[in-house]
Amino acid sequence: MLGDVLRLGDDAFLKELGVNALDEQPITSVGDIADTVYRLTTASLGDRPRIHPSAYVSPLANVHDDVVIGPGARIHEYSTVRARTVISSNVHIGYGCEISRSMIGEHSVLSHRATVGCCVIGRHCYFSADLLTAACLISNSDMLQPDKPIAVALPGGGRMSTGEPKWSALVGDHVRAGSRVTIGPGAVINARSVLGANATVATVWVPADSRVSGPEPGCQIAPMGGHSC
């Protein structure tokens, strides 16, 4: 279930807008999770402002009309937020980021030069500079119009199709990452895990409280406090 990785109902801003109904849904049945969150959020907001009055958006940021930005959020210079994205309360988007078709949970931080697309990130996460989330398979014949569905990682090494040609990653609460981290597509990173600098997280299920190290995908996931293979 989606709530097994992150519970949207724990996010006060999203819960107020009824998004917590997704917590009891299987991940693969939701399909494009970020877009579903956007549709539920905008339906609940109705005629209210999509950008909360207490949010700060730099005059040098590029924020499109089709986004939701919660109270206390901060969008800094030269960052772009677009394409049906939901930014929850007190989120910090640093300099030079691009966020599209994604959801960022409350109190999370994307420091600098993050490129995040088709991704769901939970609460109280921290990502250092140069985060990249991949959202489609390089084996598509036309990369501008991908049609090969993404398979999401499951516990035990299994995978299941999302039915979506663009689907990046699902990141639980309190995940932290060093600089130059690459994630997805189809990765599931559970709560309180730490991604070391230069780590590449391929289509894998990362259990809660894990540490991922090294630039190569493969045998590099260890329990927190343990050693990588």
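If you read the sequence from its start, that first residue is 1, and numbering goes on from there.
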**Q** Whether Arg84 engages the ring of Tyr38 as a cation-pi pair (distance to the six-membered ring centre under 6.0 angstrom, angle to the ring normal within 45°) should be assessed.
**A** no
**Q** Between His124 and His174, how do the two ring planes meet: parallel, tilted or perpendicular, split at 30° and 60°?
**A** parallel
**Q** Under the rule for side chain to side chain contact (heavy atoms under 4.5 Å, CB included), what residues qualify as partners of Asp4, not counting sequence neighbours?
**A** Met1
**Q** Can we say Arg7 and Glu24 salt-bridge, meaning some charged N sits less than 4.0 Å from an Asp/Glu carboxylate O?
**A** yes
**Q** Please output the side-chain donor-acceptor pairs of residues 182-191 that fall under 3.5 Å, not counting sequence neighbours, one pair per line with the distance.
**A**
residue	atom	partner	partner atom	Å
Asn190	ND2	Val206	O	2.9

**Q** How about Asp142: does its CG atom have over 12 heavy atoms from other parts shown lying under 6.0 Å from it?
**A** yes
**Q** Would you kindly confirm whether Leu137 and Val152 end up in one hydrophobic cluster when ILVMFWY residues are joined by side chain heavy atoms under 4.5 Å apart?
**A** yes
**Q** Could I get the full list of side chain to side chain donor-acceptor pair (under 3.5 Å) partners for Thr36, not counting sequence neighbours?
**A** Arg39
**Q** Check the hydrophobic clustering (I, L, V, M, F, W, Y; side-chain heavy atoms under 4.5 Å; chains of links allowed) and say if Val57 and Val91 are grouped together.
**A** yes
**Q** Whether Asp11 and Arg123 form a salt bridge (side-chain N of Lys/Arg under 4.0 Å from carboxylate O of Asp/Glu) is what I want to check.
**A** no
**Q** Indicate, with yes or no, if the rings of His92 and His76 have centres closer together than 6.0 Å.
**A** yes
**Q** Determine, stepwise, if the pair Ser111 / Tyr95 fulfils side-chain hydrogen bond (donor to acceptor under 3.5 Å, both in side chains).
**A** CA-CA 7 Å; Ser111 294; Tyr95 304 97; over 6 Å; no
